[in-house]
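Encoded as structure tokens, the structure appears first; notes follow it.
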Amino acid sequence: MDGTSKPPIAVKRKNLATLITRSVFIIVSVLTLMLLFQNYQVSKQIVSLEVARSTLQTSSLLQSIFNFKLTSLEIQQDSYTRSNVLVSAISDSHLSQLDSFFEGIDNMDPALAPDFRFIMRRNKLIWNDTQARFYGITATELSELAQDMSTTSGWRLIKMNSLLGVQYVLARHTPVIDLRTGEAIGLLYIGIVLNNNFILANALRDGSNVDDAVLAAGPTIIASTVDSSRAYSGQSLLENYRDTHERSPFVIAKTDLTINGTKTFLSVYTVQNNERVAQLARSHYTWLGIVLLAVLLVAVLSRIWLRKRVSVDLNALMNYTTEVAESKRVKAYEGSSISEFDQIGRSLELTFKRLSEQERQFQDLFNFSLSPIMLWGRDGELLNMNPSAQKHFNIKDISAKGSKILLESILPQIQMSAQGATLTGVNVPVGNKTYRWNISPIIVNDRVQSVIAQAQDITSFIEAEKQSQAAKEEAEESAKMRADFLARMSHELRTPLNGILGVSQLLKGLLKDRSNLEHVEVLCSSGEHLLAVLDDVLDFSKIEQGQFHIQATEFRLHELVNAVNKIFTPLCEEKGITLGVSSNVDQDCVVYSDQVRLNQILFNLASNAVKFTHEGQVVIAIDIVEKIAQELLLSIHVEDTGIGIEQTRLESIFDPFVQAESTTTREYGGSGLGLAIVNSLVELLNGKIEVHSELEKGSTFSVSLPVEVRQPKVSDKPTSLRVEPATLFDRSLNVLLVEDNHTNAFIARAFCKKYGMEVDWVKDGVSAIEYLEQNTDIDLILMDNQLPNLGGVETTRTIRQQLELTVPIYACTADGMQDTQDAFLSAGANYVIVKPIKEQALNDAFIHYKNHDFPAN
């Protein structure tokens with residue numbers, strides 16, 4: 001906007017009495033016209049329907065009259081073709097008798113006499129009544145007519161040339177039958193000439209009750225009842241029958257004639273007087289004019305009366321508003337004799353008082369507000385500011401230099417708001433401070449008059465946000481470093497564990513001495529314990545980072561009960577305590593939940609109970625219970641008679657790295673993460689866990705989890721199938737092992753030899769790619785994760801994308817993180833084995849390979 005103000009456009013004001021008069025006139029006129037229009041439309045529809053009905057009735061009568069004429073001739077013709085006189089005259093060739101025979105018939109009923117007759121015998125004309133000559137039709141033309149009708153048994157409309165010009169003839173033939181022999185001895189033809197057939201035209205006119213009738217063959221008139229005294233001609237009827245309406249003096253209708261149900265080119269145009277309908281239409285227009293004049297008269301009288309009745313009180317009300325607006329002082333309204341004006345005046349008086357009060361309140365708010373408030377012009381000129389703004393920006397005078405510095409800071413925002421935009425929460429630095437501005441235009445008469453701006457000093461908030469963001473970034477970096485550390489630690493710990501457990505399992509199959517076997521068992525047990533601690537640390541890290549996901553599957557719940565029995569019964573027997581396992585679960589009960597996490601919850605609780613119980617018993621109950629609204633819950637109840645927990649420590653028992661006493665860790669070992677992981681898993685499964693304990697008497701842990709019970713499938717089979725290594729494959733497999741650690745490589749090769757595999761070993765990803773470029777007869781690749789030069793994931797991706805090999809790749813990683821497993825699968829690996837490699841896990845992997853990736857399949 002250029003800031004120049006345009007002079008207001010002069011608007012012509014109208015008097016209220018004039019507006020009311022015009023409104024009354026318009027309303028009455030519209031209603032009157034609507035009523036007249038509706039009446040006219042109804043009348044027009046009624047007349048149109050009546051005309052249509054009359055036209056349809058006339059058409060039906062015309063067709064009936066025409067059909068009656070033809071039918072009468074048919075009946076007469078068919079009746080005398082069986083006459084013995086006619087038969088004998090034709091048979092004996094006494095053709096002169098035929099003249100007297102047909103003359104007698106015509107004298108009996110002249111109205112049914114055709115225009116001409118003739119008889120054909122053996123395709124020859126043997127007789128005619130000579131009437132055809134009056135129409136210019138010769139004997140030759142009669143023979144041609146008979147030949148044209150040889151395939152037609154009923155009436156036929158024929159256009160034929162004659163000595164008198166074109167003639168339109170309706171003709172029909174019927175056989176003459178000798179009743180004694182049943183032989184057809186000839187064909188009798190009759191014909192009706194339609195040209196100038198005034199008898200037929202008059203019959204159509206009189207029978208259909210119309211004023212005139214015109215018979216036409218297409219555009220040609222062949223017979224008409226219209227005489228010269230009429231205001232119309234026959235030709236005008238043909239040309240204008242479509243243009244007739246309710247105001248026309250005549251109604252013209254067209255009827256297309258049919259013969260034997262077949263449409264012909266014959267049409268009958270009829271004329272009926274329409275004077276009454278036209279008079280009705282003229283009457284409507286006359287009354288419309290009268291009504292409009294009446295409405296105009298009412299409007300004039302209303303205006304005169306309204307001016308006398310309303311103008312005085314209205315002027316008093318207008319004078320009151322003008323006086324209050326100019327004096328800016330509210331005074332009492334004197335009142336009016338018209339209740340509506342009196343109510344308006346009282347309302348204006350109350351409104352003026354409220355506006356005056358609001359103006360004072362706004363002024364107080366403006367002056368005493370702690371936030372800086374300023375009023376700017378559309379061109380960026382500072383018009384006014386409150387004391388708080390003077391204090392914040394150190395401006396004593398609105399024209400001082402300080403206001404110019406302030407304007408330079410927020411000028412772009414002022415200009416945007418001057419265009420009509422409302423800005424909220426805009427942070428603008430002014431000097432060494434930051435202010436948050438709310439800027440809004442003040443619009444009067446659809447035009448921005450000025451801009452009001454309110455500021456808030458948020459310098460301290462900005463500093464706090466910066467510190468918070470820095471703390472957040474530091475925490476995220478710390479979490480990332482911790483995750484990376486755990487991933488490295490997982491690899492570093494699982495790699496020697498792989499060697500310990502792998503060699504231990506190999507030694508168990510080779511040693512025979514019992515004491516040595518016991519030593520190896522201790523070695524295996526210590527490795528498994530260290531692996532369990534490592535798994536707890538990794539699981540808790542995943543839970544903290546939100547990487548722990550629930551994967552629900554269908555499984556038999558009784559497998560959980562059997563597993564607890566088999567695993568913890570030997571441990572309890574070894575410690576001399578009793579293990580009781582009870583369940584109300586059927587053998588075939590199938591549930592939909594995360595079997596691995598349920599095992600983890602149950603085994604952690606059972607393991608703790610057995611660990612901290614030295615005498616007495618451990619009771620485990622696994623039941624399905626029904627809650628409200630058919631909801632099913634899995635209840636796990638673990639009770640022991642162990643050392644118990646003090647009441648003061650029950651609240652923190654589920655915190656990570658916490659045990660009941662400081663001496664517990666030294667005496668029983670453990671990471672202190674078991675119950676924290678259980679608590680987190682129960683929350684992920686939308687369940688609840690409760691603990692009740694008494695020192696030196698034992699503890700009770702109760703878990704309730706919502707589960708979905710499903711119908712068992714007939715095809716359900718145990719998922720853990722163990723196969724003897726020597727019998728798994730029917731031939732030796734070529735395996736490429738990619739592993740940088742000698743111990744891990746030794747263990748993996750030892751396990752693979754049990755399956756009859758030939759193993760080639762390379763130490764990094766680059767060597768693996770070079771090997772595969774030279775050797776293509778590899779059945780399986782065992783790929784480690786952390787390799788020198790080129791990592792396992794990158795090597796897998798290179799094999800798939802660059803070498804374009806489809807050989808199965810089974811990844812072996814000591815990093816238990818889900819992200820690592822997902823990265824391997826995304827790169828193209830077929831299966832992931834987590835180190836340390838156990839013989840059972842490797843057996844399961846090779847079974848998967850046999851069922852899904854073995855070349856024989």
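- Considering only heavy atoms from C-beta on, I439 comes within 4.5 Å of I414 through its side chain.
- The ring pair (Phe, Tyr, Trp, His ring centres under 6.0 Å) test applied to W155 returns no partner, not counting sequence neighbours.
- Judged by distance alone, with hydrogens and angles left aside, the side-chain atoms of N260 form no donor-acceptor pair with the main-chain N or O of T262 at under 3.5 Å.
- No donor-acceptor pair under 3.5 Å is formed between the side chain of D92 and the backbone N or O of H94.
- In terms of heavy-atom proximity, I126 sits nearest to L95 at O-CD1, 2.9 Å.
- For S417 against V451, the heavy-atom pair with the smallest separation is OG-CG1, 3.6 Å.
- Counting only heavy atoms from C-beta outward, the side chains of L125 and T140 never approach each other to under 4.5 Å.
- In this structure the side chain of L163 never reaches within 4.5 angstrom of the side chain of Y135, judged on heavy atoms.
- The main-chain N or O of V166 is found under 3.5 Å from a side-chain atom of N195 such that the two form a donor-acceptor pair.
- With Q147 contributing its side chain and N123 its backbone, the two residues share no donor-acceptor pair below 3.5 Å.
- Rounded to the nearest 0.5 angstrom, L70 CG and L200 CG are separated by 8.5 Å.
- Within the 4.5 Å cutoff, no side-chain heavy atoms of V268 are placed close to those of L266.
- For the pair D106 and R117, the salt-bridge criterion is met [side-chain N within less than 4.0 Å of a carboxylate O].
- Between I90 and R121, the closest side-chain pair of non-hydrogen atoms falls below 4.5 Å.
- Checking R133 against Q131 by side-chain atom types alone, no donor-acceptor pair falls below 3.5 Å.
- The two residues T81 and V176 make their nearest non-hydrogen contact at O-CG1, 3.4 Å.
- Side-chain contact between V169 and L194 is absent, with no heavy atoms from C-beta onward closer than 4.5 Å.
- With sequence neighbours excluded, the residues satisfying ring pair (Phe, Tyr, Trp, His ring centres under 6.0 Å) with Y80 are F102.
- The heavy-atom pair separating M416 from L423 by the smallest distance is CE-CD2, 4.0 Å.
- The salt bridge (charged side-chain N to carboxylate O under 4.0 Å, His left out) contacts involving residues 137-166 comprise nothing, where partners must be two or more places apart or lie in separate chains.
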Practice problem: Could you please spell out the steps behind the side chain to side chain contact (heavy atoms under 4.5 Å, CB included) verdict for L98 and V85? | Solution: CA-CA 8 Å; L98 295 176; V85 177; over 6 Å; no
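- Of the N and O atoms on the side chains of D256 and S267, at least one donor lies less than 3.5 Å from an acceptor on the other residue.
- When the side chain to side chain contact (heavy atoms under 4.5 Å, CB included) test is applied to A146, the partners found at least two apart in sequence or on another chain are F118, M120, Y189.
- Nearest approach of T258 to G261, heavy atoms of both residues: CB-C, 4.3 Å.
- Within a 6.0 Å sphere centred on CZ of F101, other residues, nucleotides and ligands contribute more than 12 heavy atoms.
- F116 is linked by a ring pair (Phe, Tyr, Trp, His ring centres under 6.0 Å) to nothing, counting only residues two or more places apart in sequence or in another chain.
- The ring pair (Phe, Tyr, Trp, His ring centres under 6.0 Å) search around F265 returns Y168, not counting sequence neighbours.
- Q63 and L257 make their closest contact through OE1-CA, 3.3 Å (heavy atoms, listed as atom of the first residue, atom of the second, distance).
- In this structure a side-chain-to-backbone donor-acceptor pair under 3.5 Å is missing from T225 to A201.
- Formation of a donor-acceptor pair under 3.5 Å by the S79 side chain with backbone atoms of I75 is found in this model.
- The neighbour count for D99 CG, taken as heavy atoms of other residues, nucleotides or ligands under 6.0 Å away, is above 12.
- The CG atom of L170 sits 9.5 Å away from atom CG of N197, with the distance rounded to the nearest 0.5 Å.
- With S91 contributing its side chain and S88 its backbone, the two residues share no donor-acceptor pair below 3.5 Å.
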Practice problem: Give the C-alpha distance, both sets of side-chain angles, the deciding distance and a yes or no for salt bridge (Lys or Arg N to Asp or Glu O under 4.0 Å) between D78 and R172. | Solution: CA-CA 11 Å; D78 292 341; R172 182 179 185 268; 3.1 Å; yes
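- Side chain of H173 to main chain of I190: no donor-acceptor pair is present (N/O by atom type, distance under 3.5 Å, no hydrogens or angles).
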